[in-house]
Amino acid sequence: MTFSPESLPNRFDFAEAQPRIYQQWEAGKFFHAEPPPAGQKDPSRGPFAIVIPPPNVTGALHLGHALNNTLQDAQIRMRRMQGYNTLWMPGTDHAGIATQAVVERRLREEENLTRHDLGREKLVARIWEWKEQYEARILGQLKQMGASCDWERTRFTLDETCAGAVRQTFFDLFQKGLIYRGKRLVNWDTFLQTAVSDDEVFQDTVKGHFWHFRYPVIDPQPGEPTVVTIATTRPETMLGDTAVACHPHPAKALNTAEAELLERLAKAGTKEKDGIQAQIDNIRERRSSMLPQLETLAKMARDGRKLMLPLANREIPLICDEWAKPEMGSGCVKITPAHDPNDYMVGQRQQLPMINILNTNGTITAIREPSGRTNEFTEKYQGLPIKKARAAVVADLDELGLLGDVEDREIELPMSDRSKTPIEPFLADQWFVRMRDADNGAAGLAQQAMDAVTDGRVKIVPERYAKSYLDWLGEKRDWPVSRQLWWGHQIPVWTCMREMELPARRSVTDLCRDIEAFEREHPDSDLPTELEEFKQLCIDTQNRRIKQLREAYGDKVSAQIRFEPSSGNFIEFVCVQPNQDQIEKELEEAGFERDADVLDTWFSSALWPHSTLGWPEKTPALAYWYPTSTLITSRDIITLWVARMVLTGLNNMQEIPFHEVYIHPKILDGYGETMSKSKGNGVDPLDVIEKFGADALRFGLAALCTETQDVRMPVQFECPHCHALIDQTKQNRELPRIKCSKCSQEFSTQWARKEEDTALPRGPVVSERFEVARNFSNKLWNAARFALINLQDYSAGPVNEQDLTVEDRWLLSRLATVTKESTAALQEYRYADAAKCLYDFAWDEFCSFYIEIAKARLQNPAQQAHAQRVLANALDVLLRLLHPLMPFLTEEIWHNLNKLAPERGLNPVEASEFLIVAPWPEPDLARQDSQIEQQFSIFQQALAAIREIRSRQNIASKNQLEFSVQCTPAIANLLAPMAPYFQSMANARAIAWREKIEPPATNAKASLPGLEIYVDLKDFIDVAAEISKNEKEEQRLAAFIKSKESKLSNESFVSRAPAEVVKTEREGLAHAQQQLESVRRSLVQLRKMSP
RNA sequence: GGGCGGUUAGCUCAGUUGGUUAGAGCGUCACGCUUACACCGUGAAUGUCGGGGGUUCGAGUCCCUCACCGCCCACCA
């Protein structure tokens, strides 16, 4: 079977080639990596590994994923070719909340069922079905993009391997005391009865009220107020108040606030000034009207004055806390630690009790006082939904005469994105990972992760993102890891309540309260005997239990035991190691219950770099590829994911997870908005692949990937009828159907729901920004086609140094430079630079010059074999350099090239069968030759000048031109051999190369540094065009000269600028003057000719 | 409110340590089927470098300032 390159189509048929080539790569096992066998020397250049940021199984991949994975694959492919033992670890993320939410929504929409109707097991089974479907789709998309992942190692954050790692990590942290149980305010959705994450909460502005209440002071002293006024937008929360706060130093606080405002006023623009001034006036007014009272309140707080919380009849303290802002409201603020995030912080600072007032369904609960007893005064509110409770509380306070002003006010209300109902802050038991440093000052998890970046073990590129990483970790906030969901890793802790067995003469609750009070008031004294004995008994009981558990289960379990004063019970938390089913069973039989919550999704993805390699097993893969080489991801998960991987890596492996982190740009639409399905401006990579090909998608994305900017990508609908592109606007992007502006036929969009819409053919969302890359791949395809057609009688053989022509040496010099620069650019994640460098070289140098020149040489029997060998070599190198960005096209051409020129290179060697594993080109730096490049550039300029004359004189290319060149013998020697190429590339015949020539009678002239080109125009001359051109040139030069002269006549420039700069300016001036003279001479000539 | 980016041709973007009168692709205009490629070739036109100050012999580049756009974080009882 003979291969006939002429029969290749003149467009690269990517739709046919992509699946075929991908299948060949997979069959060749090129993606699969194994560590070198134990005890053997590593034959490779060493390990190189990237773990994929696992896409969520929530839905299909979008263009952002396409970018992310293109950039990874480019690194992987280059390193593989460079000889590294390269692993790209693929997988997907179970994405807890997001995935459960999607499935629950569908359940609701399609079957009108809630998760409670289905039950935990069945819901989880449904989510697994969803996962299987989307995982397959995601992996399919990655393959169509050409991702060279090691699919045999594909992991899922919820699979068995990852589950083992999660449990091991949890157990380890639990045992180290770095995991603890605590209360935390969560965003509670009372409708769905679930906690939602911060990013599922949106703020809605609604009309509300601002109610002022008066709380009576208990035993006010003379001169003190009898009531304290507070204000709230949520009256019902007062049932859970445990303090009222005022500022400790109101005068100082007012001063500070005023000073800050004054500072802002000085800087503010006119628009803001009025507002700020009003605030300042307010402060000044308050200073006279309210300050004395605020000072009194602060003193009362210090004296321990108490207030009587109405309705609940609860004694609550008046406290000092800086959270109270003297410049706002009444200057005092009610504190409800269990139902407001800020109050919660105050509560923690001030050790206030936290009183929950809500049931999970949003009705008022049976309120329990800190002492443990139920509050009988609030029974009447029990069971009321919030709205009714609010009205009742206001009415009751009014009746007591404690209601003050009621203002109308716009309120920012947090709403649940999922149910569109208001969010209630709700106190829930949660598990936390301790990020803070140890009490003895030893670096905690957060600090260790910070150190890894500050000392350079982990390098973040671009550097500025290290700041977000460090700032966020620097807060060292404990990481809440439990989620009230069903989809995820269930927390491996079993809990049991145990009653305190002790012959207490007094109630446990009282004893505890006394201990607490005594320790607070006499921190340095020993406890009284009774209390001390009780405390010791508690400790002994705990220790005895821990010992019992240890005896029963050894180190397979770790226990934390806590005493709860309010109930007098011990709570035992037992964390069980992985694969201890028997122990779990025994615990459950003994009355323990497993925690129903699951772990934060980021807990499992935090382990990704080592869990995917098999940890906690000591696998050879883990030993070989960990730490991985680089992580390529987007900036929005630097904190959520990157920081946590560093932290768990250091904890579990005692080693960083990766050496480098590259943060790539985000893809925005034409309006600068992030792409998302919910806006309708998302582009499906598969639509781009279908229209432009995978290589165009990849090259296009890489070319846009610059360091500082996000990628802005205007998108269009493609009409399925006539293929016209219709710009997407904010108006039309949410329509279910669109009428094509060109063919007037209609098509459907992603919003199509109704049958009449879905029946229409779908118009995909694409971007014409991929056209450039598609055109480029076609250019390459055809350049290769040309080469192949001309290589049919190729014979391998060495290329002798003395046979190299100027154009050969120019090309080899450029090739060396391009190899060096594009390699460096890729290695440094400067993708746009790499793409541009290769694009320019391939198109403007290889195609426009080398191939054009080759056309003449390949005709000449004496030069043909040599030209073929250099051409094959150049194409070979170019294919290898482009392969990471355009794998399919280059692989396809490589195979064709192998058929005609299996042995190639300046010293021919047999090419590898597959480009994907061909060696990466080494830049032949000895070939870099600036002199040759300069010489060649004279040829290029001369050629351009002749072409320009042809164009301005409007001379058809079929008419041959004659030209002569006035230049030095050196330049003549250089240009004379290029005569055939002037002929083939500009249809221009060289008459003479001399130092002095007689210009032809009718001529057009071009002057370049060191040479003058005269084109003999014969009958073609268009005098008017020539005059106009020269006049324009005259003007331009005159202006240029004028500016140069004024610069050079400037004394301070000449004396202060570096001599070199002055010299180039002088030379520039001289040359321009010469040119001007020449232009003027031509004009005189031309005007004589003009009628 | 805090932090980080951005603003250069109609559009999308480059622009090194300050140094000729600022570049590319697309689009526009003119010409063109010439031994691969019309998804092509040849040539042309196109800019108050967001505004205002400053430093400097010299500023798209450095400093200050204002305006606008985007992202992240924290948020007002």
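To find a chain, count down the sequence lines: A is the first, B the second, and so on, and within it residues start at 1.
In this structure, A/K779 is not positioned above the aromatic face of A/Y839 in the sense of NZ or CZ being under 6.0 Å from the six-membered ring centre and within 45° of the axis.
Note on A/T706: a side-chain N or O is less than 4.0 Å away from OP1 or OP2 of B/A14. Checking the phosphate oxygens (OP1, OP2) of B/C4, no side-chain nitrogen or oxygen of A/R464 falls inside 4.0 Å. A sub-4.0 Å separation between OP1 or OP2 of B/C40 and a side-chain N or O of A/N782 is absent. A close approach under 4.0 Å does occur between a side-chain nitrogen or oxygen of A/R477 and OP1 or OP2 of B/A74. Contact check, A/W843 against B/G41: a side-chain N or O comes under 4.0 Å of OP1 or OP2. Applying the 4.0 Å criterion to OP1 and OP2 of B/A44, one finds that A/K1029 has every side-chain N and O outside that range.
Of the candidate nucleotides B/G19, B/A36, B/A77, B/G19 has the atom nearest to the side chain of A/A1057. With B/G25, B/A77, B/U20 as the choices, the nucleotide that has an atom nearest any side-chain atom of A/V772 turns out to be B/G25. Distance from the side chain of A/S951 is smallest to B/G43 among B/G43, B/U20, B/C31. Listed candidates were B/C37, B/U35, B/U42. Nearest to the side chain of A/R785 is B/C37. Side-chain atoms of A/W323 lie closest to B/C76 of the nucleotides B/C76, B/U35, B/G19.
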| message | Apply side chain to side chain donor-acceptor pair (under 3.5 Å) to residues A/Q792 and A/E6 and explain how you reach the verdict. | response | CA-CA 10 Å; A/Q792 293 182 80; A/E6 284 92 349; 2.9 Å; yes
| task | Evaluate the side-chain contact (heavy atoms from CB on, under 4.5 Å) criterion for residues A/E821 and A/F841: first the C-alpha distance (whole Å), next the side-chain angles of each, then the deciding distance (0.1 Å), finally the verdict. | result | CA-CA 11 Å; A/E821 282 180 0; A/F841 172 75; over 6 Å; no
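Scanning atom types as modelled, no donor and acceptor separated by under 3.5 angstrom connect the side chain of A/K467 and the base of B/C4. Below the 3.5 angstrom threshold, one finds no donor paired with an acceptor across the side chain of A/E948 and the base of B/U42. Scanning atom types as modelled, no donor and acceptor separated by under 3.5 angstrom connect the side chain of A/E6 and the base of B/A36. Residue A/K836 places no side-chain atom within donor-acceptor reach of the base of B/A14, judged by atom type and a 3.5 Å distance cut-off alone.
Between A/V394 and A/H209 the shortest side-chain heavy-atom distance does not fall below 4.5 Å.
A/W211 comes within contact range of no nucleotide atom at all, as no heavy-atom separation falls under 4.0 Å. Within the 4.0 angstrom heavy-atom criterion, base atoms lie near A/S957. Residue A/K334 is classed as having no contact, given no heavy-atom separation below 4.0 Å to the nucleic acid. A/R11 comes within contact range of at least one nucleobase, with a heavy-atom separation under 4.0 Å. If you check every strand for non-hydrogen atoms under 4.0 Å, A/E852 touches a base. Residue A/F776 is classed as having no contact, given no heavy-atom separation below 4.0 Å to the nucleic acid.
Base pairing analysis places B/C76 opposite nothing; no Watson-Crick or G-U wobble pair with both distances below 3.5 Å involves it. Here B/G23 sits opposite B/C13 as a Watson-Crick or G-U wobble pair (both hydrogen-bonding atom distances under 3.5 Å). As the counterpart of B/A38, no nucleotide is assigned, since no Watson-Crick or G-U wobble pattern has both distances under 3.5 Å. The partner of B/C4 is B/G70, judged by Watson-Crick or G-U wobble contacts that both fall below 3.5 Å. Using the Watson-Crick or G-U wobble rule with both distances under 3.5 Å, B/U61 pairs with nothing in any strand shown. Across the strands present, B/A44 finds its partner in B/U28; the criterion is a Watson-Crick or G-U wobble pair with both atom distances under 3.5 angstrom.
Between A/T639 and A/D340, it is A/T639 whose nearest contact on RNA chain B lies nearer the 5' terminus.
A donor atom on one side chain and an acceptor atom on the other are found under 3.5 Å apart for A/N782 and A/R785.
Atoms CG (A/N775) and P (B/C40) sit 4 Å apart, rounded to a whole Å.
Counting all heavy atoms, side chain and backbone alike, A/I316 lies closest to A/D241 at CG2-O, 3.6 Å.
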